[in-house]
**Q** 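Right, I'll just put the structure down here and ask away after.
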Amino acid sequence: MHRPKILIFAGSTRTDSYNKKLARLTEKILGAYPVLITYLDLRDLPMPLYDGDLEAQQGIPENAMKFRELLKSHEGFLMACPEYNSSISGVLKNSIDWASRPIPNEKDLVCFTGKVVNLVSASPGKWGGMRGLVTVRSILSNIGSIVMPNQFCLPAADKAFKEDGSLVDANMQKFLEASCKEFAEMLIKLA
C-alpha cells in the first residue's frame with residue numbers, strides 16, 4: 001500500500017511559535033496513520049524577500065529550490081499559519097511566492113497543483129488565527145491546491161498547551177484529532 005507523504009510546517013520562524021507547537025502536535029497525531037511525515041522548520045531554509053530583479057540576476061535562491069523540492073515530493077501539506085494583522089505571515093507568503101515561480105521545462109505551479117492542504121492556526125487572540133486562514137485558503141486555492149474544507153483554529157494559544165505538547169482543553173484536542181484524521185483519510189483515499 002502506498003503511504004502518502006505529508007509535509008508539516010508552520011508559517012513562522014519564531015523559536016517558541018504557537019504555530020510550531022501546533023504543527024508538532026499534528027505531527028504526533030498524524031503519526032497514528034499510515035502516512036509518511038516530514039517536519040520542516042522554515043527557519044532552516046531562510047529565503048530573501050521575493051524580488052523579480054534578484055530572480056532575473058541570480059535565479060531562484062538555493063533554499064527556495066530546496067523548499068520547492070520538498071513541496072513537490074509530498075502529496076499533502078499541513079500548514080500551521082500564524083495570523084499577522086488579520087492576514088498571512090510574511091514568512092509564509094514569501095515562501096509560497098518563491099515556490100510558485102516558473103521553472104523552465106517544469107509545469108507551472110507544480111509545487112501546489114493537486115496537493116491536499118490542511119490548514120490549522122493558533123493565536124493568543126479569541127479567533128485563533130481564523131482571519132489569516134481566509135487569505136491562506138484563497139492563495140492556495142488560486143494556485144491549484146485542494147484545501148480541506150474544515151480548518152482548526154486554536155484561540156488563547158498562550159495558555160492552550162500542556163507541557164507534553166497536547167492541548168489543555170480536551171474538546172479542542174478532539175477537534176484537532178478529527179481534523180488530522182479527516183486529512184489523513186483524504187490522502188489515503190487519493191493514494
Side-chain angles (χ1 to χ4, degrees), residues 5-33 35 37-47 49 63 67 70-71 74 76-99 112 115-141 145 147-184 186-187:
K5 293 176 72 178
I6 298 173
L7 180 64
I8 298 175
F9 60 97
S12 174
T13 54
R14 188 170 64 87
T15 302
D16 291 325
S17 162
Y18 303 124
N19 283 280
K20 282 185 183 179
K21 289 179 182 182
L22 187 58
R24 284 293 193 185
L25 179 53
T26 65
E27 180 183 19
K28 288 179 189 174
I29 294 167
L30 286 165
Y33 297 93
V35 297
I37 299 168
T38 303
Y39 178 83
L40 169 66
D41 188 334
L42 287 177
R43 178 181 285 263
D44 295 334
L45 293 177
M47 296 173 227
L49 288 175
N63 283 341
F67 183 57
L70 279 168
L71 294 171
H74 290 77
F77 315 139
L78 189 138
M79 296 183 182
C81 307
E83 177 185 306
Y84 288 12
N85 298 313
S86 303
S87 192
I88 187 172
S89 71
V91 170
L92 182 55
K93 179 67 168 76
N94 191 57
S95 298
I96 292 170
D97 289 345
W98 275 117
F112 299 101
K115 305 293 181 155
V116 180
V117 182
N118 196 25
L119 298 177
V120 300
S121 64
S123 170
K126 66 181 178 181
W127 299 108
M130 183 184 338
R131 295 173 299 185
L133 291 184
V134 172
T135 306
V136 178
R137 178 178 294 279
S138 174
I139 292 167
L140 293 172
S141 295
S145 296
V147 184
M148 296 292 293
N150 295 320
Q151 57 194 27
F152 176 84
C153 300
L154 181 64
D158 53 326
K159 303 174 193 89
F161 294 93
K162 294 181 186 176
E163 208 161 297
D164 68 358
S166 64
L167 299 179
V168 171
D169 184 324
N171 286 327
M172 292 301 282
Q173 180 77 26
K174 286 179 189 173
F175 290 142
L176 180 60
E177 290 170 1
S179 173
C180 289
K181 179 178 190 265
E182 182 180 31
F183 178 50
M186 172 68 83
L187 284 167

**Q** What's the shortest heavy-atom distance between L42 and A10, and which atoms?
**A**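 Scanning both residues completely, I find the closest heavy atoms to be CD1-O, 3.4 Å.
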
**Q** How many angstroms lie between SG in C81 and CE in M130, if you round to the nearest 0.5 Å?
**A**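 Going from SG on C81 over to CE on M130, the span is 14.0 Å.
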
**Q** Excluding sequence neighbours, so at least two apart, what forms side-chain contact (heavy atoms from CB on, under 4.5 Å) with R24?
**A**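 Per chain and number, R24 pairs via side-chain contact (heavy atoms from CB on, under 4.5 Å) with E27, Y39.
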
**Q** Considering residues, nucleotides and ligands other than F161, do more than 12 of their heavy atoms fall under 6.0 Å from its CZ?
**A**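 Yes.
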
**Q** So do C153 and V120 actually touch side chain to side chain, heavy atoms under 4.5 Å?
**A**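 No - every pair of side-chain heavy atoms lies 4.5 Å or more apart.
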
**Q** Pair V35, K5 - check side-chain contact (heavy atoms from CB on, under 4.5 Å), show working.
**A** CA-CA 6 Å; V35 297; K5 293 176 72 178; over 6 Å; no

**Q** Run through I139, L71, V117 and flag the one making a side-chain contact (heavy atoms from CB on, under 4.5 Å) with F112.
**A**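 For F112, the side-chain contact (heavy atoms from CB on, under 4.5 Å) test succeeds with only one of I139, L71, V117, which is L71.
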
**Q** Is any side-chain heavy atom of S87 less than 4.5 Å from a side-chain heavy atom of K93?
**A**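 Heavy-atom side-chain distance check fails, nothing below 4.5 Å.
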
**Q** Could you state the interatomic distance from OG (S12) to OH (Y84), rounded to the nearest 0.5 Å?
**A**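 One gets 4.0 Å once the value is rounded to the nearest 0.5 Å.
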
**Q** Does a side-chain heavy-atom distance below 4.5 Å link K20 with D41?
**A**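 Side chain of K20 against side chain of D41, heavy atoms only: contact under 4.5 Å found.
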
**Q** Just by distance, do the side chain of R131 and the backbone of S86 share a donor-acceptor pair under 3.5 Å?
**A**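 Here the side-chain-to-backbone pair does not exist.
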
**Q** Distance from L167 atom CG to Q173 atom CD, nearest 0.5 Å?
**A**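 The CG atom of L167 sits 4.5 Å away from the CD atom of Q173.
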
**Q** Using the side-chain contact (heavy atoms from CB on, under 4.5 Å) rule, take L40 and L70 through it: C-alpha gap first, then chi angles, then the decisive distance, then the call.
**A** CA-CA 9 Å; L40 169 66; L70 279 168; 4.0 Å; yes

**Q** Is the count of non-hydrogen atoms from other residues, nucleotides or ligands lying under 6.0 Å from M186 atom CE greater than 12?
**A**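 Atom CE in M186 is not packed in, count stays at 12 or less.
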
**Q** Residues in ring pair (Phe, Tyr, Trp, His ring centres under 6.0 Å) with F9, at least two apart?
**A**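 With neighbours one apart ignored, the set is F67.
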
**Q** Rounded to the nearest 0.5 Å, what separates atom CG in N19 from atom OG in S123?
**A**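 Answer for the CG-OG pair, N19 versus S123, is 8.0 Å.
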
**Q** To check you understand the geometry: which heavy-atom pair defines the closest contact between G11 and V91, and what is its length?
**A**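 Minimum heavy-atom contact is O-CB, 4.0 Å.
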
**Q** Does CG belonging to N85 count more than 12 external heavy atoms closer than 6.0 Å?
**A**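 Open.
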
**Q** If we count only N and O atoms by modelled type, under 3.5 Å, do the side chains of S166 and D164 hold a donor and an acceptor together?
**A**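 Note: S166 and D164 side chains meet the donor-acceptor criterion.
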
**Q** Side chains of D44 and N63: closer than 4.5 Å at any heavy-atom pair?
**A**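 Not touching, per the 4.5 Å side-chain cut-off.
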
**Q** For T26, which of I37, L78, I6 qualifies under side-chain contact (heavy atoms from CB on, under 4.5 Å)?
**A**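 Testing each of I37, L78, I6 against T26, the sole residue satisfying side-chain contact (heavy atoms from CB on, under 4.5 Å) is L78.
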
**Q** Drop me the distance from I88's CD1 to L133's CG, to the nearest 0.5 angstrom.
**A**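 The CD1 atom of I88 sits 9.5 Å away from the CG atom of L133.
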
**Q** Report the distance from atom CZ of F183 to atom CG of L119, rounding to the nearest 0.5 Å.
**A**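 If I round to the nearest 0.5 Å, the distance is 9.5 Å.
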
**Q** Less than 4.5 Å apart, any side-chain heavy atom of M47 and any of S95?
**A**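 Heavy-atom side-chain distance check passes, below 4.5 Å.
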
**Q** Are L140 and I96 packed together at the side-chain level, in the sense that at least one heavy-atom pair is separated by less than 4.5 angstrom?
**A**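 A side-chain contact under 4.5 Å exists here.
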
**Q** For S121 versus L22, what's the shortest heavy-atom pair and its separation?
**A**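 Where S121 meets L22 most closely, the heavy atoms are O-CD2, 3.4 Å.
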
**Q** So, N118 versus S179: side-chain donor-acceptor pair below 3.5 Å or not?
**A**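 Checked: N118/S179 side chains pair up, N/O donor to acceptor below 3.5 Å.
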
